[in-house]
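Letters go in sequence order (proteins before strands), and every chain restarts at 1.
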There are 2 protein chains.
Amino acid sequence: MTTMSDVAAAAGVSVMTVSNVLNGRPKVGPETRVRVLEAVERLGYEVNLTAKRLRSGRTGAIGLIVPRFDHPYFGELAAKLAVALTAVGRHLAVEQSNASAEGELAALSHARLATYDAVLLSVVGLHYDDVDRLRSAVPVVLLGEQDMPPRYDHIQLDNEGGAHRATAHLLERGARNLLIAAGGDEGFPSMTTARTAGWRRAQLEAGLEPRPDGVIELAAYEAAVAREAVRARLEVDPSVDGIFAITDQVAFGVMAGVRDAGLRVPQDVQVVGFDNLALGEQLAPALTTIDPTHDWVVEHAMDLLERRIAGEEFPPQHLVSPAPLVIRGSTR
Amino acid sequence: MTTMSDVAAAAGVSVMTVSNVLNGRPKVGPETRVRVLEAVERLGYEVNLTAKRLRSGRTGAIGLIVPRFDHPYFGELAAKLAVALTAVGRHLAVEQSNASAEGELAALSHARLATYDAVLLSVVGLHYDDVDRLRSAVPVVLLGEQDMPPRYDHIQLDNEGGAHRATAHLLERGARNLLIAAGGDEGFPSMTTARTAGWRRAQLEAGLEPRPDGVIELAAYEAAVAREAVRARLEVDPSVDGIFAITDQVAFGVMAGVRDAGLRVPQDVQVVGFDNLALGEQLAPALTTIDPTHDWVVEHAMDLLERRIAGEEFPPQHLVSPAPLVIRGSTR
DNA sequence: GTGAAAGCGCTAACAG
DNA sequence: CTGTTAGCGCTTTCAC
């Protein structure tokens, strides 16, 4: 374990000069710099990030807290974020919040958040009050579709608009008997209510009254749950010719459920998802879906983070990303 | 920002006593303890993990370094690991290594590894020499199928055996013209060579000579690549009746490619994958595959980590997890 | 059972 | 341009 003092001794300078060289501060003579860098090289010195943070309050690390590691949506977002952060000399560590009931609170604890220069918090599954109680020593930017305390910067998708585009597309391609595979009304603004509203509005604008039994209520947004629900529904109601699935994972289940019922996608039933997971492109047929524009989210999240880290003061930003339609084979 | 001194002052004790209470050390009087805990509660104190680590060298955090966040295999492993670590009072942070060429080295730097009590390093894509050059201040346990320096603890799957079981199953279910969707021989022991060897051995044991053109060489283990390669192959060679895909992601592409060629799974071509990704179960037909037994890996990895963290000395362990067959609809 | 002193490795602030 | 001093918040050590 070599320290800065070791390097300083080896180079015949003070620790402060070593620190100045290593952090690229301007006031170091060129030959002193070379001598220090040689000593660093020779001793294999690497900075102790823990000590650096304790003193300076910075490490270059950004935290991303997601509800679960095994959902591809977060994996795809995290991958893009990691690349973008690496490009600006930072790095990303991802933590999972709701591995267990207590895990949720533990991951959000002051102490753990404080290990990062800033934190991106994905609020899926968190409630307004949980987040409102949060006290963080570092800047926090919220990501996700829940209604959240306005004092935070918050980036979300155009859920209503995306669902509207998805549904309008189904109608345009000739579907008339539309279902939505979603959840029940939770009584507060959420991804579910916003996307359901978009599905409803598109039909009203086309002069269609949404079917009263149009919502297939799913206990969980998982493929297996959707698959069984869709199969059961189609067996008693074969008139259905279009289904908007509230997420791509649900859409994967919907497509399997349609097949289980002996029907074909897209000839008998057209399907549109929401999330544009990489895998949707590889199915046969490939999934028509709404793109959550991760690049857009990453770009704007990083801008907010950098400005907050720099201490810039400005009112909390509430950004809504576009959510364009991606047309593939699951619609005609 | 309240510190331990603030709490000590509020409770009328020394910082040392606060530290003792908070860390459950035995030598504190019951009523002192209550007084301290009250002060902690009142002031909303939370420990500064950075300071704690600088002094004690421990934070309770375990690092998992994966090649990429957006591969579901790692997501599923990380999720299970996070749950298990939470249960023992630790927590998991996941970092991505090869977001870029330099990212790989950066993620493995001494400095970054040192922010954890121990590190699980997934070595997919890393070379023997990269890992051999690694100097870490904390225990490192290797995860993955590459050949690695024996001085590390290393957990891998039974690649050859799993591939053998997958192939034997295809033969048992009547397939006779077998392909493997894999990569070329890289000239060193790897996941590719081990799984290809298992595929070969199963055929030899059944009295079949593996076809010289039996390996569909994929430029990358991605669904899109496999899909196109399989479609092209089946169009010139319709006699194929069984394909072992080297990973589930490849298998997803293989199944789509079979359909693209106008054939059916499993009636015309049977398919077996390797990884048991959650999604494989939701396809129609569901994917027969080899289970990488994440639970087994997690259990053994945690055991090694805890013992190394505790400073226990023992020879490097090289463990091979079972890799059982999971039979579903993609085989008859 | 409790506390005082020392210092983990680094950097901010300032002196030279 | 370079060095000195002080101290981030905590735990280790050892004295009482």
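Between B:Thr17 and C:dT2 there is no side-chain polar atom (N or O) within less than 4.0 angstrom of OP1 or OP2. Contact check, A:Thr32 against D:dT2: a side-chain N or O comes under 4.0 Å of OP1 or OP2.
C:dG9 atom P lies 7 Å from atom CG of B:Leu54, rounded to whole Å. One atom, CD of B:Glu31, and another, C1' of C:dT2, lie 13 Å apart when rounded to the nearest Å. Rounded to an integer number of Å, the gap from CZ of B:Arg53 to C1' of D:dT12 is 17 Å.
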Let me see the working for A:His127 and A:Phe188 under side chain to side chain contact (heavy atoms under 4.5 Å, CB included), right down to the final yes or no. CA-CA 10 Å; A:His127 288 288; A:Phe188 52 85; 4.1 Å; yes
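Remark: aromatic rings of B:His294 and B:Tyr73 are close, center separation under 6.0 Å.
Closest of all the heavy-atom pairs between A:Val66 and A:Ser122 is CA-CB, 4.1 Å.
Listed for the A:Asn23 side chain is no donor-acceptor partner under 3.5 Å among the backbone atoms of A:Asn20.
At a cut-off of 3.5 Å, with distance as the only test, no side-chain donor of A:Thr115 or B:Arg53 sits close to an acceptor on the other residue.
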What does the B/S/- profile of nucleotides 10-16 of chain C look like, 5' to 3', with a 4.0 Å heavy-atom cutoff to protein? BBBBB--
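With a 6.0 Å cutoff to the six-membered ring centre and a 45° limit on the axis angle, A:Arg307 counts as a cation-pi contact of A:Phe314.
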